[in-house]
Amino acid sequence: MGSGPPTGVVITAPAAELLARLQDRHGPVMFHQSGGCCDGSSPMCFPRGDFLVGDRDVLLGVLDVGDGVPVWISGPQYETWKHTQLVIDVVPGRGGGFSLEAPEGLRFLSRGRVFTDDEQAELRRAPVITGADYERGERPAARGEVVADAAFRTGAPRGRPQ
C-alpha cells in the first residue's frame with residue numbers, strides 16, 4: 001500500500017495539454033462529471049464559478065494542471081462509481097454544448113479504472129469532501145496527476161500521493 005489513498009481522478013497528458021490551453025484562454029476552470037441527459041455522461045469543463053457546485057456534490061480530486069482543477073460529481077453518482085478512479089481523456093469529436101472544449105474539435109471523455117481492494121480499503125478511511133466541505137475550506141491531501149496517454153489501460157494503480 002502507498003502512503004495514502006489514491007486520488008479519485010487523474011488526467012491523461014493529451015487532455016492536460018488541452019486543459020492548459022483552456023485555462024490560458026478562460027482563466028481558472030473546473031470539471032463536473034455529467035450524469036447523463038443532454039451531454040451524455042462526460043466531464044463538463046466550465047470556467048470556475050460558472051457552474052454552481054451543490055452542497056452534496058463530491059470532490060473527486062484536484063487535477064495537477066495549472067493552479068489546480070477541481071473535479072466534481074453528484075453525490076448519488078459518486079455512490080455508484082466510488083470504486084472507480086475517473087480518468088479524464090480527450091478524443092477527436094464535438095464536446096458537450098456547454099463544455100469549454102466544444103469549439104476545439106476535441107471532447108473530454110471519462111474512462112475508469114477500478115480501484116484495487118487495497119486502494120478501496122484506503123479510500124474507505126479517507127474523508128469524502130462535499131461541496132459544503134469545500135466551501136468551508138477543506139481540500140484533498142494530494143492532487144490528481146497527469147498520466148501517460150495509455151497509463152489507465154495498464155491497470156496499474158495511479159494517482160497516489162508521493
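The figures that follow rest on heavy atoms only: side chains count, while hydrogens, waters and symmetry mates do not.
At a threshold of 4.5 Å between non-hydrogen side-chain atoms, the residues Leu100 and Pro47 count as touching. Residues Gln23 and Val65 meet the side-chain proximity criterion, which asks for heavy atoms closer than 4.5 Å. For the pair Leu63/Leu19, a side-chain contact is recorded, criterion being any heavy-atom separation below 4.5 Å from C-beta on. The shortest distance between side-chain heavy atoms of Phe108 and Leu18 falls below 4.5 Å. Residues Met30 and Val53 meet the side-chain proximity criterion, which asks for heavy atoms closer than 4.5 Å. Side-chain contact between Pro70 and Tyr134: present, with at least one pair of heavy atoms (C-beta onward) separated by less than 4.5 Å. Within the 4.5 Å cutoff, no side-chain heavy atoms of Pro5 are placed close to those of Glu119. Under the 4.5 Å side-chain criterion, counting only non-hydrogen atoms from C-beta, Phe31 is not in contact with Val9.
With values rounded to the nearest 0.5 angstrom, Ser42 atom OG is found 7.0 Å from Arg107 atom CZ. Annotation: the span from Thr84 atom OG1 to Arg111 atom CZ amounts to 14.5 Å, rounded to 0.5 Å. With rounding to the nearest 0.5 angstrom, the CG atom of Leu123 is 11.0 Å from the CG atom of Asp118. Atoms CG and CZ, from Leu86 and Arg113 in turn, are 11.5 Å apart once rounded to the nearest 0.5 Å. Atom CG in Leu60 sits 10.0 Å away from atom CD in Gln85 (nearest 0.5 Å).
When all heavy atoms are compared, the tightest approach of Val69 to Val29 is CG1-O, 3.6 Å. Pro140 approaches Val62 most closely through the heavy-atom pair CG-CG2, 3.8 Å. The two residues Thr130 and Trp72 make their nearest non-hydrogen contact at C-CZ3, 3.8 Å. The nearest pair of heavy atoms linking Ala15 to Ile88 is CB-O, 3.6 Å. Shortest non-hydrogen contact noted between Val114 and Gln120 is CG1-NE2, 4.2 Å.
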Salt bridge (charged side-chain N to carboxylate O under 4.0 Å, His left out) between Arg21 and Asp24, intermediate numbers included: CA-CA 5 Å; Arg21 287 197 314 267; Asp24 288 345; over 6 Å; no
Residue pair Met44, Glu101: steps toward the side chain to side chain contact (heavy atoms under 4.5 Å, CB included) verdict: CA-CA 9 Å; Met44 303 292 289; Glu101 84 281 6; over 6 Å; no
I would like to know whether Glu145 and Thr7 meet side chain to side chain donor-acceptor pair (under 3.5 Å); could you show each step before the answer? CA-CA 8 Å; Glu145 67 182 312; Thr7 60; over 6 Å; no
Begin with the C-alpha distance, continue with both residues' side-chain angles, and end with the deciding distance and a verdict on side chain to side chain donor-acceptor pair (under 3.5 Å) for Asp57 and Ser74. CA-CA 4 Å; Asp57 285 350; Ser74 73; 5.3 Å; no
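Leu109 and Trp81 fall into different hydrophobic clusters, defined by Ile, Leu, Val, Met, Phe, Trp and Tyr side-chain heavy atoms under 4.5 Å apart, directly or through other members.
More than 12 non-hydrogen atoms from other residues, nucleotides or ligands lie less than 6.0 angstrom from CZ of Arg139. Around the CG atom of Asp50, the shell of radius 6.0 Å holds more than 12 heavy atoms that belong to other residues, nucleotides or ligands.
No donor-acceptor pair closer than 3.5 Å links the side chain of Glu138 to the backbone N or O of Asp133.
With respect to Glu122 and Arg125, no salt bridge is recorded, no charged nitrogen being found less than 4.0 Å from a carboxylate O.
Using cut-offs of 30° and 60° for the angle between ring planes, the Phe51 and His32 rings count as tilted.
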